Amino acid sequence: MTGAVIEIQSLTKRFGGTTAVDDLSFRVEPGVVTGFLGPNGAGKTTTLRSLLGLVRPTSGRATFDGRAYTELADPLGTVGTALEAASFHPGRSGRDHLRVAAAAAGIRDSRVDEVLAWVGLADAARRRVGGYSLGMRQRLGLAFALLGDPGALVLDEPINGLDPEGIRWIRVFLRDLAAEGRTVLVSSHLLSEVQQTVDRVVIISHGRLAYEGTLDGLESGAVARVRVDAADRDALARALAASGAVVEAAADGLRVSGVDAERIGSLAFAAGVPLKLLVPEREGLEDVFLEIVGEGEIR
Ligand SMILES: Nc1ncnc2c1ncn2[C@@H]1O[C@H](COP(=O)(O)OP(=O)(O)OP(=O)(O)O)[C@@H](O)[C@H]1O
């Protein structure tokens with residue numbers, strides 16, 4: 001199977017005076033899991049809703065192999081979606097939900113049990129959705145998305161709220177779907193949540209593209225720092241700053257960037273300042289992500 005290429009081209013969506021998505025362009029290829037990341041309010045949901053024909057863009061296009069969702073000959077076979085996990089009627093069983101959807105879409109009834117087994121819900125299929133855990137509702141959402149055996153999957157925050165076992169399960173599940181050649185796009189507001197699941201990431205902030213590429217590429221933007229301390233911290237800071245290092249004071253010593261640990265050792269030695277701590281540190285991916293999107297910004 002080869003899933004469709006998803007392409008967002010100069011997409012802009014304004015709601016009154018709010019620009020939710022601002023001239024956004026990126027591509028999502030089949031065969032890999034792509035993370036679609038940004039803080040709350042960055043415009044992820046609006047982008048996904050535009051892609052699925054639920055929102056009319058102010059300008060630009062969002063397509064599957066060049067066709068807008070509304071132009072697809074076989075929408076359910078092209079893309080499966082799970083935009084909200086909680087929107088199932090609590091009084092009906094998981095199986096009933098899928099049977100109604102399958103009948104409406106002209107999909108054979110036996111497919112319902114296939115997808116329920118696929119997502120590990122076979123035993124719970126006849127129970128009321130009201131008694132499902134969040135993880136089970138997320139699985140039901142996935143089963144729903146897979147009904148039409150789509151080449152592409154577009155999932156809004158599918159990992160949000162899952163317990164560790166559920167997270168492990170969905171990681172493997174999404175990777176398997178991509179390995180079959182499907183296009184898998186997964187949104188999240190936390191990089192750490194999808195870090196072990198995705199191959200590529202698209203990061204947006206304020207409706208604009210902030211980064212598109214591999215996780216390795218993102219990591220190469222991480223700043224190397226050295227944590228260092230001396231009994232005479234001020235003398236150490238002066239010696240390092242005089243050699244062009246960037247020195248920040250912290251409660252437990254100094255954070256130094258721009259020079260490596262070896263050079264810091266020689267500079268301290270030359271200045272006659274004995275060190276009591278010298279630890280190279282690398283910024284985590286989550287720090288790089290927060291820097292890219294602007295730490296803690298919520299609109
Ligand atoms: N129907 C709407 N009417 C008015 N403003 C909207 C509407 N939908 C979204 N917005 C605004 O557009 C911006 C982007 O929202 P969007 O839901 O796309 O972000 P998001 O990245 O998905 O965030 P979240 O994870 O919180 O859903 C926000 O400022 C939001 O308030």
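As the structure is a computational prediction, the values presented were derived from the model and not from experiment. Order of appearance sets the numbers: ligands from 1, and atoms from 1 within every ligand.
Looking at Glu286, its side chain does come within 3.5 Å of a backbone N or O of Ser192 through a donor-acceptor pair. In this structure, the side chain of Arg128 does not engage the main chain of Arg92 through any donor-acceptor pair within 3.5 Å. At distances below 3.5 Å, at least one donor-acceptor pair connects side-chain atoms of Gln138 with backbone N or O atoms of Pro158. The backbone N or O of Leu215 lies less than 3.5 Å from no partner atom in the side chain of Arg200, so there is not a single donor-acceptor pair.
Residue Pro39 approaches ligand 1 through these ligand atoms, each under 4.0 Å from one of its heavy atoms: 21 (O). With ligand atoms numbered from 1 in the order given, ligand 1 contributes 19 (O), 20 (P), 21 (O) to contacts under 4.0 Å with heavy atoms of Ala42.
At under 3.5 Å, a nitrogen or oxygen of Gly41, whether backbone or side chain, sits near a nitrogen or oxygen of ligand 1. In terms of polar-atom proximity, defined here as any N/O pair under 3.5 Å, Thr46 does make such a contact with ligand 1. Considering backbone and side-chain atoms together, Phe15 places no N or O closer than 3.5 Å to any N or O of ligand 1. Backbone and side-chain nitrogen or oxygen atoms of Lys44 are examined, and one is located within less than 3.5 angstrom of a nitrogen or oxygen of ligand 1.
A side-chain donor-acceptor contact under 3.5 Å links Arg108 and Ser110. A side-chain donor-acceptor contact under 3.5 Å links Ser187 and Asp156.
Here CG of Asp23 is found 6.0 Å from OG of Ser25. Values are rounded to the nearest 0.5 Å.
Not a single heavy atom of Gly38 lies less than 4.0 angstrom from ligand 1.
Residue Ser187 does not touch ligand 1, judged by heavy-atom distances below 4.0 Å.
With Asn160, Thr47, Asp156, Thr45 as candidates, the residue nearest to atom 27 (O) of ligand 1 on a non-hydrogen basis is Thr45. When the heavy atoms of Gly17, Ser188, Ala20, Ser50 are ranked by distance to atom 13 (C) of ligand 1, first place goes to Ala20.
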